[in-house]
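Single-structure report; data block below.
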Amino acid sequence: MRTITATEASRRFSDLLDAIERGETVTVTRGNRPIAEIRPAPRRTGRSLREALVGTEPPDEAFASDVVDAIAALGEDTDPWAAG
């Protein structure tokens, strides 16, 4: 595992991301103390989603109705995704 200072990480951020993308885990230090460990993000797939949902109850029959009611409560003039 590679160790770099926070200053070096800042100056060479693109190189740092390249190393992490290749599978490296990097420890970032500040004042000779480890403050972060950066590692590749786990890859998510449909299979991992299915595995995560094993044993989870499906939504009940009222779920769709609850979603419709929640949207109606926002009102027609409300766009929750509009930049504000």
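Source: prediction; values computed, not measured. Counting begins at 1 with the first residue of the sequence.
Judged by distance alone, with hydrogens and angles left aside, the side-chain atoms of Thr45 form a donor-acceptor pair with the main-chain N or O of Ser48 at under 3.5 Å.
At a threshold of 4.5 Å between side-chain heavy atoms, the hydrophobic network of Ile, Leu, Val, Met, Phe, Trp and Tyr places Phe63 and Val68 in two separate groups.
Considering only heavy atoms from C-beta on, Glu8 stays 4.5 Å or farther from Asp15 through its side chain.
Atom-to-atom distance recorded for Arg12:CZ and Thr7:OG1 is 13.0 Å, nearest 0.5 angstrom.
Gly23 approaches Pro40 most closely through the heavy-atom pair CA-CG, 3.6 Å. Here the shortest heavy-atom pairing between Thr25 and Met1 reads O-CG, 3.1 Å. Across all non-hydrogen atoms, the minimal contact from Leu16 to Arg2 is CD1-NH2, 4.0 Å. Considering all non-hydrogen atoms of both residues, Thr27 and Pro34 come closest at CG2-CB, 3.8 Å.
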